[in-house]
Amino acid sequence: MDRRHALSVVGLFLAAALVLGLARLDGGWLQGRAEDRLPRPEAGQGMSAGDTRRTLRTYFSDHYSEASCSAIYTDLTHDGLEELLVLAVETGRTGEPVSLHGGTLDADHFTRASVTVLQAGEGGAVFPIYAFACGAEHRQWGELYLKKEEGLDYLLWYAPYTGAGRSDFQIALFSLGQDGTALDRFRERIFFPAEGGEAREGDADEAAISSFLERAEALLEDAQPVIAYNTVHDPFTGSDGPRRFAYLDTLFGTY
């Protein structure tokens, strides 16, 4: 090898070493190889859709009763893998389990329900990432629905609460992060006097109330109830309307 060629080889080697060294500098010296800095997969990302369903169904069978629970597969994290949303009606007024299927549950016998979203992880692990409660004794828990927007699955929460001369109406459309964080697509809240209550600074006027109710009805129009138990208050007449009651009645369906 002649001197000129040898120097050329050494130069290429030094240039390559410099490029690799700079690639390791990103706000300080990084440890490990470049591929170690790629995003690490979240729990369960290496699983197939079939593996995910089998894992979730096995967990459901071990921890829940099909008689008093509903379950539906839905991708609320928008990662391409389904979670399992489980509705459990815990007890009736007599303290006995309540059947959810075949139209056997009505508003007069409903007392309390819980909703849990389960996510499958590697090695058969399953963990809850979201929980919601709804009870006849506390209307402010509101109503929970499943809703599709542009082909993606969302939870829709609606809480038109009225009590002690005040109304507090809230609605939110959201998906879930991998850790269960609510990622809002839409959220709105208004306050206004009701049942002879006194007006306060910041209360919604009639136009704002009408606008809120129109948006709420539009969102609810094609949403599927998970659990809804509420007395719907009419802010314009100042009286309560009919009680809304509906619930999810399915086992291992797909939303």
Side-chain angles (χ1 to χ4, degrees), residues 38-60 64 69-88 100 113-122 124-134 141-160 169-190 211-230 244-255:
L38 295 175
R40 296 185 181 277
E42 299 287 347
Q45 278 194 348
M47 301 173 66
S48 69
D51 290 338
T52 298
R53 284 196 171 198
R54 282 189 290 272
T55 298
L56 291 169
R57 183 157 187 168
T58 298
Y59 183 90
F60 178 93
Y64 295 94
C69 295
S70 291
I72 192 167
Y73 297 111
T74 175
D75 183 9
L76 293 168
T77 58
H78 301 173
D79 63 355
L81 291 176
E82 294 169 319
E83 294 81 43
L84 186 67
L85 183 149
V86 179
L87 168 67
L100 284 185
S114 62
V115 177
T116 306
V117 176
L118 301 171
Q119 186 179 67
E122 299 288 356
V126 173
F127 41 94
I129 61 171
Y130 178 78
F132 174 86
C134 177
W141 280 325
E143 313 168 5
L144 194 68
Y145 300 80
L146 283 166
K147 170 85 173 178
K148 282 194 182 292
E149 287 278 310
E150 299 178 355
L152 296 176
D153 299 346
Y154 292 88
L155 289 170
L156 175 63
W157 175 60
Y158 183 46
F169 281 25
Q170 301 181 65
I171 192 164
L173 182 68
F174 60 97
S175 59
L176 299 177
Q178 293 293 333
D179 61 353
T181 301
L183 304 176
D184 290 346
R185 181 178 175 91
F186 175 82
R187 184 176 294 267
E188 187 174 2
R189 184 177 191 177
I190 59 172
S211 179
F212 177 94
L213 294 176
E214 288 174 4
R215 284 190 290 272
E217 288 304 314
L219 285 169
L220 291 167
E221 185 175 1
D222 58 353
Q224 177 171 331
V226 176
I227 183 68
Y229 182 96
N230 227 323
R244 180 186 285 122
F245 178 72
Y247 65 93
L248 181 69
D249 181 5
T250 185
L251 278 173
F252 308 110
T254 303
Y255 182 70

**Q** Mind checking whether F60 and Y64 have parallel, tilted or perpendicular rings, split at 30° and 60°?
**A**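 Because their plane-to-plane angle is under 30°, the rings of F60 and Y64 count as parallel.
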**Q** Please examine the side chains of E82 and T74, heavy atoms only from C-beta on, and report whether any two atoms are closer than 4.5 Å.
**A** no
**Q** Residues in ring pair (Phe, Tyr, Trp, His ring centres under 6.0 Å) with F212, at least two apart?
**A**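 For F212 there are no ring pair (Phe, Tyr, Trp, His ring centres under 6.0 Å) partners, ignoring immediate neighbours.
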**Q** Given side chain to side chain contact (heavy atoms under 4.5 Å, CB included), test T77 with I129 step by step and report yes or no.
**A** CA-CA 10 Å; T77 58; I129 61 171; 3.9 Å; yes
**Q** Between Y255 and D153 (side chain of the first, backbone of the second, donor and acceptor by atom type, cut-off under 3.5 Å), is there such a pair?
**A**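 No: the side chain of Y255 does not pair with the backbone of D153.
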**Q** Taking only residues two or more places apart in sequence, or in another chain, which ones meet D51 in a side-chain hydrogen bond (donor to acceptor under 3.5 Å, both in side chains)?
**A**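 In terms of side-chain hydrogen bond (donor to acceptor under 3.5 Å, both in side chains), with neighbours along the sequence ignored, D51 is linked to S48, R54.
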**Q** Can you list the residues that meet the ring pair (Phe, Tyr, Trp, His ring centres under 6.0 Å) rule with Y73, with sequence neighbours excluded?
**A**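 Testing Y73 for ring pair (Phe, Tyr, Trp, His ring centres under 6.0 Å), a comparison that skips the adjacent residues, returns none.
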**Q** State, with a plain yes or no, whether a side-chain heavy atom of L155 is found less than 4.5 Å away from one of F132.
**A**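 Of all side-chain heavy-atom pairs linking F132 with L155, none is under 4.5 Å.
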**Q** Within this structure, what is the CH2-CD distance for the pair W157 and E143, rounded to the nearest 0.5 Å?
**A**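 Interatomic distance, W157 CH2 to E143 CD, rounded to 0.5 Å: 11.0 Å.
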**Q** Is there side-chain contact between L213 and F169, with heavy atoms separated by less than 4.5 Å?
**A** yes
**Q** If I take atom CG from residue L251 and atom CZ from residue R57, how far apart are they, to the nearest 0.5 angstrom?
**A**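 It comes to 8.0 Å.
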**Q** Between the main-chain N or O of R185 and the side-chain N or O of Y154, is there a donor-acceptor pair closer than 3.5 Å?
**A** no
**Q** Between D184 (side chain only) and F174 (backbone N and O only), is there a donor and an acceptor less than 3.5 Å apart?
**A** no
**Q** Just jot down the side-chain hydrogen bond (donor to acceptor under 3.5 Å, both in side chains) partners of Y130, sequence neighbours excluded, or say none.
**A** none
**Q** Who are the side chain to side chain contact (heavy atoms under 4.5 Å, CB included) partners of T250, not counting sequence neighbours?
**A**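 T250: side chain to side chain contact (heavy atoms under 4.5 Å, CB included) contacts with I72, L248.
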**Q** Is E83 reaching over with its side chain to a backbone N or O of L76, donor-acceptor style, under 3.5 angstrom?
**A**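 A pair under 3.5 Å: yes.
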**Q** For the atom pair CG (L220) and CG (L156), what is the distance rounded to the nearest 0.5 Å?
**A**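 Going from CG on L220 over to CG on L156, the span is 5.5 Å.
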**Q** CG/L176 to CG/L85 distance, rounded to the nearest 0.5 angstrom?
**A** 9.5 Å
**Q** Taking only residues at least two apart or on different chains, which pairs with a member in residues 214-227 satisfy salt bridge (charged side-chain N to carboxylate O under 4.0 Å, His left out)?
**A** K147-D222, E188-R215
**Q** What distance do L173 atom CG and E149 atom CD have between them, rounded to the nearest 0.5 Å?
**A**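 Those atoms lie 5.5 Å apart.
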**Q** Could you give me the CA-CA distance, side-chain angles and deciding distance for I171 and F186, then say whether side chain to side chain contact (heavy atoms under 4.5 Å, CB included) is met?
**A** CA-CA 8 Å; I171 192 164; F186 175 82; 3.8 Å; yes
